[in-house]
Amino acid sequence: MATNDYFDRNFPEPLLKDFAATFGTPAGRRTLYAITVLGRVYSVAHVPGDPATSAFNEGRRNLALLILKAVEGDPDVLGSASAKQKKERN
């Protein structure tokens with residue numbers, strides 16, 4: 001399940017299974033989607049002329065990406081999460 005050495009060192013297999021179980025439910029997918037929106041995963045982190053805000057945005061984005069990788073091993077989960085969320089609304 002782990003995708004690289006960072007996850008092997010910091011996310012043992014039981015924890016990765018916990019992430020998958022938590023975010024694998026409909027409520028978990030909605031929460032994961034909210035994390036990607038709040039974390040600005042697909043937004044530009046850089047704010048011209050404001051290095052402090054750029055660093056803050058990048059840190060927020062990095063945490064959201066870390067959660068995505070722990071859940072799915074691939075940050076492209078946003079596409080599937082948002083599609084599932086739309087389907088659940090209808």
Side-chain angles (χ1 to χ4, degrees):
M1 211 188 224
T3 58
N4 62 37
D5 289 340
Y6 180 84
F7 290 107
D8 290 339
R9 287 190 317 269
N10 297 291
F11 290 99
E13 192 68 26
L15 182 58
L16 290 173
K17 288 181 180 180
D18 291 343
F19 270 84
T22 300
F23 292 109
T25 65
R29 285 191 297 273
R30 288 189 300 270
T31 302
L32 185 60
Y33 178 75
I35 289 169
T36 61
V37 170
L38 294 170
R40 301 170 56 105
V41 169
Y42 294 104
S43 299
V44 176
H46 178 70
V47 177
D50 191 348
T53 300
S54 295
F56 177 81
N57 288 344
E58 189 56 38
R60 183 168 55 179
R61 182 176 178 273
N62 189 46
L63 180 58
L65 287 170
L66 183 70
I67 292 168
L68 284 174
K69 285 186 176 188
V71 171
E72 295 283 338
D74 186 347
D76 290 335
V77 69
L78 178 62
S80 61
S82 62
K84 289 176 186 174
Q85 183 184 33
K86 288 176 188 174
K87 183 177 179 182
E88 289 167 3
R89 285 188 200 167
N90 296 329

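Computed from heavy atoms alone, side chains included, the values below leave out hydrogens, waters and symmetry copies.
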Check the hydrophobic clustering (I, L, V, M, F, W, Y; side-chain heavy atoms under 4.5 Å; chains of links allowed) and say if L68 and L38 are grouped together.
no
Quick one: pull up CZ in R30 and CD1 in I35 and give me the separation to the nearest 0.5 Å.
13.0 Å
Show the nearest heavy-atom pair for residues V44 and R40, with the distance to one decimal.
O-NH2, 3.5 Å
Hey, any chance L65 and L15 share a hydrophobic cluster, counting ILVMFWY side chains that come within less than 4.5 Å of each other, even indirectly?
yes
Working to the nearest 0.5 Å, report the span between CD1 of I67 and OG1 of T22.
11.0 Å
So which heavy atom on A70 is nearest to which on L16, and how close?
O-CD2, 3.5 Å
Give a yes or no on whether L63 and Y42 share a hydrophobic cluster (residues Ile, Leu, Val, Met, Phe, Trp, Tyr; joining criterion: side-chain heavy atoms under 4.5 Å apart).
yes
Minimum heavy-atom separation for R29 to G24, with atom names?
NH1-O, 2.7 Å
Who pairs with T53 by side-chain hydrogen bond (donor to acceptor under 3.5 Å, both in side chains), at least two apart in sequence or on another chain?
D50
Considering all heavy atoms, the nearest G39-A64 contact:
CA-CB, 3.9 Å
Which distance, rounded to the nearest 0.5 Å, do you find between the CG of L32 and the CZ of F19?
10.0 Å
